[in-house]
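Below: the structure, in structure tokens.
Side-chain atoms are counted along with the backbone in the values below, which use heavy atoms only and exclude waters and symmetry mates. So you know, we letter chains A, B, ... as the sequences are listed, proteins then strands, and number each from 1.
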2 protein chains.
Amino acid sequence: MKVTGDQALVKKINKSIILHTIRRHSPLSRARVSEMTGLNKATVSNLVAELCGQELVTEVGPGESSGGRKPLILNFNAMAGSVIGIELRVKQLTAVLCDLGGSILHESDFSLEAHELPYVLEQMRILISDLIAKAPATPYGIVGIGVGVPGMVDEQGVVLFAPNLGWEMVNLRALLEHEFSVPVTIDNEANAGAQGELNFGAARDVRHLLYISAGSGIGSGIIIGGELYKGARGYAGETGHMSIEAKGKPCSCGSRGCWELYASEKTYDNPGLTLPARTTPELVRYAANGQEDALRHFSFIGEYLGIGVTNLINSFNPELIVIGGALSEAEEWLGEPLRRVVAERTLPYHKQQLEITFSKLGSRGTMIGAGFSAVMHFLGNIRVTL
Amino acid sequence: MKVTGDQALVKKINKSIILHTIRRHSPLSRARVSEMTGLNKATVSNLVAELCGQELVTEVGPGESSGGRKPLILNFNAMAGSVIGIELRVKQLTAVLCDLGGSILHESDFSLEAHELPYVLEQMRILISDLIAKAPATPYGIVGIGVGVPGMVDEQGVVLFAPNLGWEMVNLRALLEHEFSVPVTIDNEANAGAQGELNFGAARDVRHLLYISAGSGIGSGIIIGGELYKGARGYAGETGHMSIEAKGKPCSCGSRGCWELYASEKTYDNPGLTLPARTTPELVRYAANGQEDALRHFSFIGEYLGIGVTNLINSFNPELIVIGGALSEAEEWLGEPLRRVVAERTLPYHKQQLEITFSKLGSRGTMIGAGFSAVMHFLGNIRVTL
DNA sequence: AGACTTTGTATATTGGTTAAACAAAGTTTT
DNA sequence: AAAACTTTGTTTAACCAATATACAAAGTCT
């Protein structure tokens with residue numbers, strides 16, 4: 001967007017700085033905020049007064065003195081409003097009601113039996129209405145809805161392509177905004193998961209994060225400089241279709257040797273495989289009991305995850321890699337082979353600084369991240385780069 | 001960096017907007033600048049007066065009337081100063097003296113016979129001093145030196161690792177700044193090439209660009225949102241070591257099946273290969289004469305370039321891909337197999353919007369890009385994102 | 001010749017940050 | 001306990017950049 005500088009912009013920038021400082025570091029006194037941001041005490045006082053008037057910040061009373069007048073403690077008012085975060089999965093619709101701080105207030109889900117748009121939309125409508133009914137009375141009420149979907153999404157919230165749902169060009173944002181009259185944000189499932197882990201999970205305050213969602217396929221959420229990178233038309237991160245065997249198995253995408261053919265739940269159907277089960281939760285149970293076939297297969301997946309992860313490390317050079325998605329529940333058996341292969345194959349300079357973790361938010365990561373997108377859309381965020 | 005808003009910031013932002021608008025679109029009248037930027041006519045007048053005082057903008061006289069008073073035409077003063085851009089190659093040192101608009105004023109080079117730091121540094125010193133002596137008299141003189149090196153560089157201008165030179169942890173920026181007392185910027189060779197093509201070559205005004213430098217190895221320059229992405233510690237884009245054959249040939253990096261083993265000049269030494277020559281320029285000559293082995297080998301490289309490019313498309317979803325480096329001179333024979341493989345293997349939605357081109361600046365791209373980094377460092381660039 | 005257009009400047013106003021003084025409320029020293 | 005010092009937060013006056021508005025300058029069109 002075309003932005004020029006004037007006093008209104010200055011005020012917006014400083015107010016945003018103060019709001020997010022308090023959001024992330026409260027409880028805090030005005031004096032601390034002034035120190036942390038570098039803004040003048042008077043400026044902080046004025047803008048905090050406005051934020052209090054907007055009920056986004058609350059004054060909770062005097063704190064401990066450190067040799068002078070007691071500070072007046074400020075808090076981010078997470079209960080100024082609430083958001084709904086939804087994850088649309090192939091077989092299930094899961095949703096949470098969160099406050100502005102990402103805490104879950106209510107949770108509910110629904111099993112999907114088909115993927116026709118009208119049917120799915122109707123179930124979303126019911127789920128959302130249900131959560132809206134349960135929302136506590138807050139100054140702003142429901143300030144937004146965030147949805148994570150298993151497919152490519154453009155910047156206008158149109159689901160361009162979701163192969164597992166059979167969707168193409170579905171303007172989900174417009175449909176939901178029309179229905180509920182609140183701002184709706186639509187994100188790719190992996191992108192939402194990345195946001196969740198970045199803000200509330202295993203990757204707090206990481207600047208360059210790679211989130212790998214390994215489940216029925218593989219998708220990646222790429223955080224660059226603390227911000228989600230979506231690519232030219234909204235579908236960066238389709239790393240599941242990165243070829244790791246140039247002349248390997250043909251994939252439905254038209255290519256060959258795609259990563260997700262070797263390192264996702266898609267491998268459960270490989271011919272000639274003896275497996276005691278065909279779903280991750282069941283296989284996890286078998287592996288926990290020492291079942292050989294399950295152990296061997298997780299080791300296989302772990303190694304191939306490592307090969308793809310190495311490729312991504314060489315391209316993106318992230319600080320941290322978080323493995324999420326359904327397969328993250330097999331952390332116990334995937335972790336060793338994955339880390340071993342990465343250690344074997346990465347350049348020496350990459351190894352030094354890199355960490356690999358598994359999701360902290362588990363199956364809730366995507367919902368929480370989707371909800372957080374809605375929160376940020378409500379609060380706004382403005383930054384200056386030079 | 002910690003930036004807060006005040007009036008000085010507002011002025012900086014607007015002055016930067018105006019300067020870069022004139023730099024990229026001049027000749028221009030004050031009225032046109034006001035229209036294009038959305039800034040008030042008076043604001044434009046004031047800041048343009050300052051820029052004229054700084055000699056960064058010049059008033060060249062009246063232009064054509066469009067039914068009213070004649071406009072006073074402004075120009076970006078590319079001759080306010082000059083920069084030096086250098087490419088450090090394995091066998092050669094090439095350098096240009098450019099004005100602030102990227103036009104080449106002088107050019108010179110030197111054949112390297114060794115890679116010891118003192119020797120290389122001494123040759124750079126001679127080359128730079130020579131160009132400085134040839135620099136025209138300008139208000140600001142030499143405002144910076146930009147260097148493109150074949151290796152990983154961190155944000156402080158330290159060459160972390162340059163395998164082809166045998167360099168490790170060389171603080172090249174400090175060394176050159178100490179020698180010449182002007183700001184020095186150090187960039188990876190592929191990153192500099194990407195900057196060159198983005199600003200003066202085949203990729204003008206592209207927002208998300210992937211520049212592939214294919215020569216003795218493969219490196220990538222990644223432009224995201226019009227800006228260079230360098231990764232967490234400065235070495236993103238090492239895509240040559242992306243594995244495209246999970247269990248393929250072992251690579252010196254410790255991994256297996258690395259892309260550059262199949263799609264760079266490294267293939268010239270493959271065992272069992274009958275080639276009439278072992279350098280790209282010579283092979284290009286043979287291919288032009290229809291020599292079978294050369295044609296077959298370029299076709300092989302083109303196909304494998306396509307496989308790796310497809311992987312990068314799936315990860316970065318760029319608008320444009322530019323192939324540069326020594327191999328770009330074989331465009332005539334690489335283009336068809338490359339585009340064919342990419343078309344076969346990419347997801348349908350990626351094909352629609354994607355273009356693949358070859359470098360426009362040729363062997364000068366990296367130098368010009370490196371010089372441009374120095375120009376931008378001198379002019380400054382400040383932006384607001386919301 | 002007169003009406004209209006376009007360009008660029010001058011003037012008064014607005015509204016934000018800031019430094020400095022100040023008031024309020026505490027702790028430490030004497 | 002009084003005096004001195006500290007810390008917090010507010011008030012005041014000054015500053016300064018952008019803006020709207022009016023205006024001057026220099027052209028075109030009828």
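Look at CG on A/L74: it is 11 Å from C1' on D/dG9, rounded to the nearest Å. For the pair A/R30 CZ and C/dA24 C1', the interatomic distance rounds to 14 Å; values are reported in whole Å. What separates CD of B/E59 from C1' of C/dT7 is a distance of 12 Å, to the nearest Å. For the pair A/E64 CD and D/dT6 P, the interatomic distance rounds to 20 Å; values are reported in whole Å. Distance, B/I13 CD1 to D/dA17 C1': 12 Å, rounded to whole Å. Atom pair B/Q7:CD and C/dA19:P shows a separation of 13 Å (rounding to whole Å applied). In this structure, A/L9 atom CG and D/dC16 atom C1' are separated by 16 Å, rounded to whole Å. One interatomic measurement links the two molecules: NZ of A/K41 to C1' of C/dA19, which rounds to 11 Å at whole-angstrom precision.
Side-chain nitrogen and oxygen atoms of B/N14 include none within less than 4.0 Å of the OP1 or OP2 phosphate oxygen of D/dA17. A sub-4.0 Å separation between OP1 or OP2 of C/dT17 and a side-chain N or O of A/N46 is absent. Contact annotation: A/N40 side-chain N/O to C/dA19 OP1/OP2 distance is under 4.0 Å. Phosphate contact (OP1/OP2 of C/dT6, side-chain N/O of B/S65, threshold under 4.0 Å): absent.
No engagement by A/S34 is indicated, since no non-hydrogen atom pair under 4.0 Å with the nucleic acid exists. When heavy atoms are screened at a 4.0 angstrom cut-off, A/A42 is found touching base atoms of the nucleic acid. B/S66 comes within contact range of the sugar-phosphate backbone alone, with a heavy-atom separation under 4.0 Å but no base atom that close.
For B/S29, counting side-chain heavy atoms from C-beta on, the closest listed nucleotide (C/dT17, D/dT8, C/dG8) is C/dG8. Across C/dG8, D/dA18, C/dT18, the shortest atom-to-atom separation from the side chain of B/A31 is found for C/dG8.
The residue from B/T4, B/V384, B/I382 that alone fulfils the side chain to side chain contact (heavy atoms under 4.5 Å, CB included) condition with B/L9 is B/I382. Screening A/T43, A/I18, A/V44 for a side chain to side chain contact (heavy atoms under 4.5 Å, CB included) with A/S34, the sole residue that qualifies is A/V44.
Atom CZ of B/R364 has 12 or fewer heavy atoms from other residues, nucleotides or ligands within 6.0 Å. When the shell of 6.0 Å around NE2 of A/H377 is examined, it contains 12 or fewer heavy atoms from other residues, nucleotides or ligands.
Between the side chain of A/R69 and the base of D/dT7, no donor-acceptor pair of N or O atoms lies under 3.5 Å. You won't find any donor-acceptor pair under 3.5 Å spanning the side chain of A/K70 and the base of C/dG26, going by distance alone. If you check distances only, the side chain of A/K11 never reaches the base of C/dG16 with a donor-acceptor pair under 3.5 Å.
Residues B/D99 and B/P136 form no side-chain contact, since every pair of their non-hydrogen atoms from C-beta on lies 4.5 Å or further apart.
Heavy-atom distances to DNA chain D give each of A/D6 and A/G68 a nearest nucleotide, and the one nearer the 5′ end belongs to A/G68.
Checking side-chain atoms of A/R204 against main-chain N and O of A/F200 turns up a donor-acceptor pair under 3.5 Å.
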